[in-house]
Amino acid sequence: MTDTATTDVTPQPKRLGLLAQFAGPDELIAAAEKVTDAGYQKVEAYSPFAVIGIDEALKAKKTQLPWLVFCMGLTGCLVGITMQCYMNGVEGSWWLSGYDYLISGKPSFSIPAFIPVTFELTILLSAFGAFFGMLAFNQLPKLFNPLLRSDRFAEVTTDGFFLLVDAKDGKYAEAETEAFLTSVGATAVETVDEVVTGYALPAGIHLVGASVATAALLVPLYLWMTSSTTTSLPRITLFKDMENQAKYKAQRPSTLFADGRAARPPIDGTVARGSGKDDVELYYGVKPESNLVGAFGGGDLQFASFNGDGPVKATLVAEGDEADSAAEPAEAAADAAPAEMEEKDWVTEFPKSLKISSQLMDRGQQRFNIHCAACHGLTGAGDGLVTQRALGLQQGTWVQPTSLHAEAVVTQPVGRIFNTITNGIRKMPGYKEHITPEDRWAIVLYLQALQRSQNASADDLPADKRRELSTLK
Amino acid sequence: MATADIPAGYVPGKLGSVPEPWIDPPWIEGDNDFRSVTDKVCRIAENPRPPVAWFIGFVFAASLAGMLGAMIGYLIITGVGVWGNQNSVSWGFPIVNFVFWVGIGHAGTLISAILFLFRQHWRTSINRFAEAMTIFAVVCAGTFPGIHIGRVWFAYYLFPIPDTRLYMWPQFRSPLLWDVFAVGTYATVSLLFWYMGMIPDLATLRDRARHPIRRMAYGILSVGWIGSATQWRIYEKAYALLAALATPLVLSVHTIVSFDFAVSQLPGWHTTIFPPYFVAGAVFSGFGMVLTLMIPAREWFGLKDIVTMRHIDCMCKIIIATGSMVGFAYLTEFFIAWYGGNPYEQFAFINRAFGPTWWAYWTMVTCNVISPQLFWFGFVRRNPMLIFIISIFVNIGMWFERYVIILSLERTFIPGSWQSFVPTWIDLGMLVGSFGLFFTLFLLFCRFLPIVAMSEVKQVMAHVDGNPHLPGKAAAAH
């Protein structure tokens, strides 16, 4: 379309060709055959449905569309398999690296599991090739066509069958061609011109459109930028994910309670978990007369004396209990406690409240084999399966457990061993959450038996067993 | 479209190639020519005042769809606890409805693609209808997993989109992810197939349109189609290629949906029969739904000449075939449970048939296995009312099939975790609401788009039926 606003003179429209109408599909095929046989080359047929045989009559070339679809399908297949192998099988420290999932022991490049998605992408891209290829090969969408200006041609989508002989055809001569078309059975023949009049787009509409499109992109781009860069300010995101949570943190004010505190005091008449450990020998393995009782049991004792009537006393929480409430410094506390302790503070005898019996010994053996043997080994030599595996893998962070039969361990007072089980040492975590104090003492008891067994001589055996041993020799 | 639809002995313009009507009755009945077919189909979309039944149906369906929307809003605000899903039955109605609707969506592409490749001319009168049904069923299906993920604003996690914060990718060895690709591809390809098939008919509506807005809307939708031989040539090739691509696709979709179950270790689910059994069930339910929609529609919209009893008869036969396959699969499952000797598998099946939810199992068997067998009788296949009723039974039965499968979760390996599933009113409301959404979309389609593939029907009239009322034939006869 040319801009008619600049000139008042309508230019002479260019002739596009001659349009002939036919009665039905068979007449159309017959006529098309005659027209192409007569030497016309630029001939096009129009029909409301795909008339079978018209392509041969028009001597038209086959479409190359299948090749496009094939290439798209191949692309889909390759993209599918490459995408999955990269995203699920390749991992590194670069930007947008894949993530090497280990799922049910399948290999990183588990091709059978990748078949469904590869198949679907092959089909998807082939289908895009077929659909968009069809549009592209037909130069569609093309929302304006000069033929649509012909009233007669409007029937082409209902029951109209037409032939168009292009004016650019070498053999085209208007009068003769028209006569020829009538002679091959056309019911009507008319000329078609290029359309030169019409509405022109207002100037600058492209600029406006481009500006609006750019402006519409700004907000999503800004959101994307803020959500993928680091910032010291609160992040602006569409969905808050879990960045901001509706919760109170420790020592923050609250408008919810009358006293304005977010942290709540214990409810009247309740007893805090872990309190009431008055028997320091049993619960901490230290002597009651030790100076450090305050540090170990003092807080608890104070807490236990809280009767709930008066205001909450400021309680001094002992170091051992600190590890209870704050998970993080558990290791630090465990390391710190023995260092501050003097050997004389640890009990050297089993607590008086504990009944030493062979049942307790059996219990200790069972608990030791469950909780300790995995690393320390069934004999306590520091050769458990986990240790063997870690050393086999040459795990740099693994600290091999000290043999429980080493001089330094054998000479330790039982209270100190109890404390090690309770709070852990070096890489070993504390077991106070997993093993009850009685069971911990049972383990200590069994450990004594183990130590005895590993450092024993033949003289330790009872007389009858010694005789048996000598017969074996 | 049907390029290769030429009968062996077809000679253009020769009346001798017209089939004998008593041996092979014409697909299009009555004194119809190209124009009358166009008029009949376009009139539905052009009628300024649609039938009162349409308005009543639309208001009803749209309010149910609105209810679904409100319930989804409630779900998003509140959380998935509004459903009856629990620890044991972690997938409740959402997956039942998803599988049900995806299954419904199979008939459309089957009719469009597989029947096209097998040169079944009867598909031309019903394929548009069935394809539209496919699209709308897939829309309903896609809704359920979408809202089942809990925090729906993270639905994009389903797709392999690069994430600069998480450094994570989807897990491509999971059947649930395969589902995303299978259903996504199926929805896309079905939409392309449907839309491409509609382009020539949209051009017909454009050329008939009087109102400028209608002309412009149909003009844009028909992308400038003028029916030139070049356009038809490329279009026919593209259509045949799409059909060839959609054929394995339609079989793959429900196969992959069945992997959601079959790849798990659960008794009653962990079975290799699931893929073929699901595909047969999907086609079965899809044809059931096509009949449910088609029988009233041909009555109300005056399409009895175009969608004839012969078309209906063909669909009934497909229902017998697929219904029998489904029944055979039910028997095979029991046989394998017994023959496989796995006590958990045996328990799962005995529990299905005779456990606390026996009624669901026997509803399924009655509707899916017994009711379609009535189509063996000719008088049933000729009675639209009976066909309509049986098609409803098929729909009910296929919903219950998926429900029965999901209920396997009620009683798994550990009796301590056994728990009965009780749907909430939200569950039931969403099921009803999904039907509302489906029918809303369908009624809009009937109102504004060509519901019969006119250009394909015309091709069958010209090249297969050899209808003597056509202009060309009439000229040759004189």
Side-chain angles (χ1 to χ4, degrees), chain A residues 23-27 29-30 44-50 52-55 58 60 63 65-66 69 83-84 87-88 96-99 101 103 106 110 113-114 116-117 119-121 123-124 126-127 130-131 133-135 137-138 140-145 147-148 154 156-159 227-228 239, chain B residues 1 3 6 12-13 33-35 38 153 160 162 164-165 167-173 177-178 181-182 185 188-189 192 196 200 203-204 207 219-220 223-238 241-242 245 248-249 252 256 455-456 458-459 462-463 470-472 475-476:
Chain A
D26 301 335
E27 289 80 352
I29 294 173
E44 183 64 293
Y46 300 89
S47 54
F49 57 89
I52 294 161
I54 194 72
D55 295 340
L58 288 172
T63 168
L65 184 69
V69 175
M83 176 183 82
Q84 293 177 84
M87 291 178 184
N88 276 187
L96 290 183
S97 143
Y99 190 94
Y101 283 97
I103 302 290
K106 293 192 182 93
S110 42
F114 293 163
V117 170
F119 171 82
E120 298 298 334
L121 284 178
I123 297 282
L124 183 67
S126 309
F131 178 76
M134 187 279 285
L135 291 185
F137 280 40
N138 276 331
L140 297 175
K142 185 182 176 186
L143 296 184
F144 179 78
N145 195 310
L147 285 170
L148 294 174
V156 73
T157 52
T158 303
D159 61 354
S227 68
S228 49
F239 299 107
Chain B
M1 305 304 296
T3 313
I6 326 163
D33 58 16
F34 295 145
R35 181 167 290 279
T38 312
W153 49 96
T164 49
R165 279 193 290 162
Y167 295 100
M168 289 286 275
W169 297 100
Q171 206 271 89
F172 283 102
R173 298 177 192 98
L177 189 80
W178 303 346
F181 279 83
T185 303
T188 314
V189 174
L192 291 182
M196 199 173 104
T204 307
D207 291 345
I220 290 169
V223 297
W225 183 265
I226 47 166
S228 73
T230 310
Q231 285 183 344
W232 280 118
R233 185 164 58 244
I234 299 169
Y235 174 92
E236 293 274 275
K237 186 60 85 182
L241 286 167
L242 271 182
L245 290 166
L249 179 65
S252 82
I256 290 176
S455 61
E456 297 191 37
K458 288 174 198 170
Q459 196 183 34
H463 292 306
L470 297 182

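Computed from a prediction, not measured in an experiment: that's the story for all the values here. Letters go in sequence order (proteins before strands), and every chain restarts at 1.
The choice from B:G219, B:A182, B:P160 that makes the most heavy-atom pairs within less than 4.5 Å of chain A is B:A182. When the candidates A:L124, A:T158, A:V69, A:L140 are compared by the number of heavy-atom contacts under 4.5 Å with chain B, A:T158 comes out ahead. When each of B:L249, B:T188, B:I234, B:T38 is scored by its heavy-atom pairs under 4.5 Å with chain A, the top score falls to B:I234.
Proximity of a side-chain donor or acceptor of B:W178 to a complementary backbone N or O of A:V117 within less than 3.5 Å is not detected. Distance alone, capped at 3.5 Å, places no donor-acceptor pair between the B:W225 side chain and the A:T157 backbone.
For B:I226, the parts lying under 4.5 angstrom from a heavy atom of chain A are both the backbone and the side chain. Proximity to chain B is limited to the side chain of A:E44, based on heavy atoms less than 4.5 angstrom apart. With a 4.5 angstrom heavy-atom cutoff, A:S97 touches chain B only via backbone atoms. Interface remark: A:L147 contributes side-chain atoms only to the contact with chain B (heavy atom separation under 4.5 Å). If you measure heavy-atom distances from A:N145 to chain B, the contacts under 4.5 Å come from the side chain alone.
For the salt bridge (Lys or Arg N to Asp or Glu O under 4.0 Å) test, no residue two or more places apart in sequence or in another chain qualifies with B:R173.
Side-chain contact check for B:F172 versus B:F181: some heavy-atom pair is nearer than 4.5 Å. At least one side-chain heavy atom of B:E236 sits less than 4.5 Å from a side-chain heavy atom of B:Q459. By the 4.5 Å heavy-atom criterion applied to side chains, B:F34 and A:S47 are not counted as neighbours.
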